[in-house]
Number of protein chains: 2
Amino acid sequence: MSFDLDATATARLRSAGQRYTTQRRQLIELLADAGSPVSIPDILAGGSGLKQSSVYRNLAALEQAGVVRRLVTDEEFGRYELAEDLIGHHHHLVCSRCGKMRDVDVPQDLERTLERALDRIAKRAGFARVSHRLDLLGLCADCAAEVGTDTTRA
Amino acid sequence: MSFDLDATATARLRSAGQRYTTQRRQLIELLADAGSPVSIPDILAGGSGLKQSSVYRNLAALEQAGVVRRLVTDEEFGRYELAEDLIGHHHHLVCSRCGKMRDVDVPQDLERTLERALDRIAKRAGFARVSHRLDLLGLCADCAAEVGTDTTRA
DNA sequence: CTTCCTGCAAAAGTTTTGCATTAAC
DNA sequence: GTTAATGCAAAACTTTTGCAGGAAG
């Protein structure tokens with residue numbers, strides 16, 4: 001984990017009146033190492049020994065402190081990544097079969113075009129716009145291969 | 001409800017081996033009338049008398065038949081709208097405070113630009129691309145007004 | 001030493017399921 | 001008539017919470 005990340009996490013937690021405990025450091029490390037969004041079942045099953053209620057509470061604390069972000073997925077459980085200002089604005093490739101997510105960047109100029117257009121649209125709709133969310137939905141290479149073979153979900 | 005919609009729903013359900021019952025017609029009507037995504041609590045509380053388990057089962061059946069679509073939100077419950085090929089490709093304005101969603105169109109040319117760029121990105125990532133999802137997150141006019149006044153969620 | 005965090009177990013929320021009855025075809 | 005849909009209640013699942021004990025500052 002980079003020194004910056006550690007220091008930033010400490011600072012943000014402190015200013016939210018919270019401590020940078022071993023478990024929280026562990027969670028942040030885990031998310032940083034994964035490099036793509038991680039689900040709570042993954043975390044709980046991951047041999048880290050982290051306890052269910054603590055994971056939920058700590059992710060909530062880290063989210064409130066602005067260190068992590070909870071993503072919205074079509075799965076039935078939560079998925080988290082480091083906050084956008086820590087890892088940069090990006091989007092996700094989502095596999096509609098296995099649910100796995102992968103980070104992806106879109107070209108700068110498309111991003112700018114998008115921003116401008118969305119600002120106009122939001123303004124017209126009386127919306128105080130904060131951000132956008134753009135996901136690509138499809139089949140990851142693994143699932144595309146399996147779909148040819150098996151019938152789990154034609 | 002338009003004649004087309006009714007006929008389409010019947011056809012799609014039949015070819016999935018399912019019946020077009022009163023409740024299913026009611027749900028489709030409800031979604032069509034709403035004109036924006038409707039949550040399951042909304043449906044259950046809406047005086048329709050529809051029962052919880054039936055609503056869940058019928059929305060699942062309708063989704064599998066390709067008549068409705070379940071949306072992904074940051075709320076803790078499901079939200080549905082009519083299938084995209086019935087109401088057209090569009091995106092959503094989402095209020096991060098009250099969760100309400102509103103349909104919104106983006107300009108044709110932006111949509112095309114986006115499509116082309118995303119196809120390239122998906123291909124590069126080894127993804128068999130199916131579609132994209134673009135949401136605008138912000139504060140709806142109502143919530144923007146209230147935030148000035150109250151402190152529920154600064 | 002004071003405050004917050006942790007863990008266990010139990011509760012709360014949404015969604016799913018078993019089974020007898022009713023409706024669709 | 002046969003098969004699928006409905007309603008009720010109970011289960012399953014993720015997430016939240018109460019409370020006693022332990023760690024952080």
Side-chain angles (χ1 to χ4, degrees), chain A residues 6-7 9-30 37-65 67-80 99 101 153, chain B residues 6-7 9-30 37-65 67-80 99 101 153:
Chain A
D6 218 52
T10 310
R12 293 192 185 177
L13 283 166
R14 295 199 69 128
S15 68
Q18 297 189 316
R19 297 170 184 169
Y20 194 25
T21 63
T22 309
Q23 290 199 27
R24 291 176 184 177
R25 181 173 283 107
Q26 244 178 295
L27 283 169
I28 292 175
E29 237 168 77
L30 194 158
V38 181
S39 77
I40 289 184
D42 284 348
I43 297 175
L44 294 176
S48 60
L50 294 169
K51 298 309 174 188
Q52 174 176 284
S53 59
S54 299
V55 168
Y56 278 101
R57 274 198 272 237
N58 283 327
L59 287 173
L62 288 167
E63 183 173 32
Q64 206 173 341
V67 181
V68 308
R69 170 162 78 146
R70 176 179 183 157
L71 298 177
V72 153
T73 78
D74 38 15
E75 298 165 308
E76 59 282 8
F77 41 75
R79 218 172 247 279
Y80 285 83
M101 299 183 87
R153 204 182 180 202
Chain B
D6 218 52
T10 311
R12 294 191 184 176
L13 283 166
R14 294 198 70 127
S15 67
Q18 297 188 318
R19 297 170 183 170
Y20 194 24
T21 62
T22 310
Q23 289 199 28
R24 291 176 183 177
R25 182 173 283 108
Q26 245 178 299
L27 282 169
I28 293 175
E29 235 167 79
L30 194 156
V38 182
S39 77
I40 290 185
D42 284 348
I43 297 175
L44 294 175
S48 61
L50 295 169
K51 299 309 175 188
Q52 174 176 283
S53 60
S54 300
V55 168
Y56 278 102
R57 275 197 274 237
N58 283 327
L59 287 173
L62 288 167
E63 182 174 32
Q64 205 174 340
V67 181
V68 308
R69 171 162 76 145
R70 177 177 181 155
L71 300 176
V72 150
T73 77
D74 38 15
E75 298 165 307
E76 59 281 8
F77 42 76
R79 219 170 246 279
Y80 285 83
M101 299 182 88
R153 201 183 183 200

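All figures in this text were calculated on a predicted structure; none of them were measured in a lab. Below, chain A is the first sequence line, B the second, and so on; all start at residue 1.
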Donor-acceptor pair (no angle test) under 3.5 Å: Arg57(A) side chain, dG7(C) base = yes
Please state whether the phosphate of dT6(C), meaning OP1 or OP2, lies under 4.0 angstrom from any side-chain nitrogen or oxygen of Asn58(A).
-> yes
Which donor-acceptor pairs under 3.5 Å do side chains of residues 38-46 of chain A form with protein atoms, sequence neighbours excluded?
unit_1   : atom_1 : unit_2   : atom_2 : d
Ser39(A) : OG     : Asp42(A) : N      : 3.1
Ser39(A) : OG     : Asp42(A) : OD1    : 3.4
Ser39(A) : OG     : Asp42(A) : OD2    : 3.2

Looking at Thr21(A), does any N or O in its side chain come under 4.0 Å of the phosphate oxygens OP1/OP2 on dA24(D)?
-> no
Counting N and O atoms only, with roles assigned by atom type, does the side chain of Glu63(B) sit under 3.5 Å from a partner on the main chain of Arg70(B), one being a donor and the other an acceptor?
-> yes
What does the list of N/O pairs under 3.5 Å between the protein and nucleotides 14-16 of chain C look like, with a distance for each?
unit_1  : atom_1 : unit_2   : atom_2 : d
dT14(C) : O3'    : Glu76(B) : O      : 3.2
dT15(C) : OP1    : Arg70(B) : NH2    : 3.1
dT15(C) : OP1    : Gly78(B) : N      : 2.8
dT15(C) : OP2    : Tyr56(B) : OH     : 2.3
dT15(C) : O5'    : Tyr56(B) : OH     : 3.2

Interatomic distance, Arg14(A) CZ vs dC5(C) C1' [rounded to whole Å] | 15 Å
Would you kindly give the CG-to-P distance between Leu50(A) and dC5(C), to the nearest whole Å?
-> 15 Å
Considering only dC5(C), dT6(C), dA5(D), which nucleotide approaches the side chain of Arg24(B) most closely?
-> dA5(D)
Spell out, as yes or no, whether a donor-acceptor pair under 3.5 Å connects the side chain of Arg24(B) to the backbone of Leu62(B).
-> no
Starting from C1' on dA23(C), measure out to CD on Gln26(B) and report it in whole angstrom.
-> 14 Å
Starting from C1' on dT3(D), measure out to CG on Leu13(B) and report it in whole angstrom.
-> 15 Å
Taking all non-hydrogen atoms of both residues into account, name the closest pair between Ala65(B) and Arg12(B) and its distance.
-> O-CB, 3.4 Å
Exceeds 12 heavy-atom contacts within 6.0 angstrom, atom CD of Glu76(B) = yes
Rounded distance (Å) that lies between atom P of dG13(C) and atom CG of Asp74(B) | 19 Å
Between C1' of dT15(D) and CD of Glu63(A), the distance in whole Å = 13 Å
Walking DNA chain D from its 5' end, the first of Gln18(B) and Lys51(B) to be reached, judged by nearest nucleotide, is Gln18(B)
Send over the distance from Arg19(A) CZ to dC5(C) P, rounded to a whole Å.
-> 6 Å
Hey, does the side chain of Arg79(A) reach the backbone of Pro37(A) with a donor-acceptor pair shorter than 3.5 angstrom?
-> yes
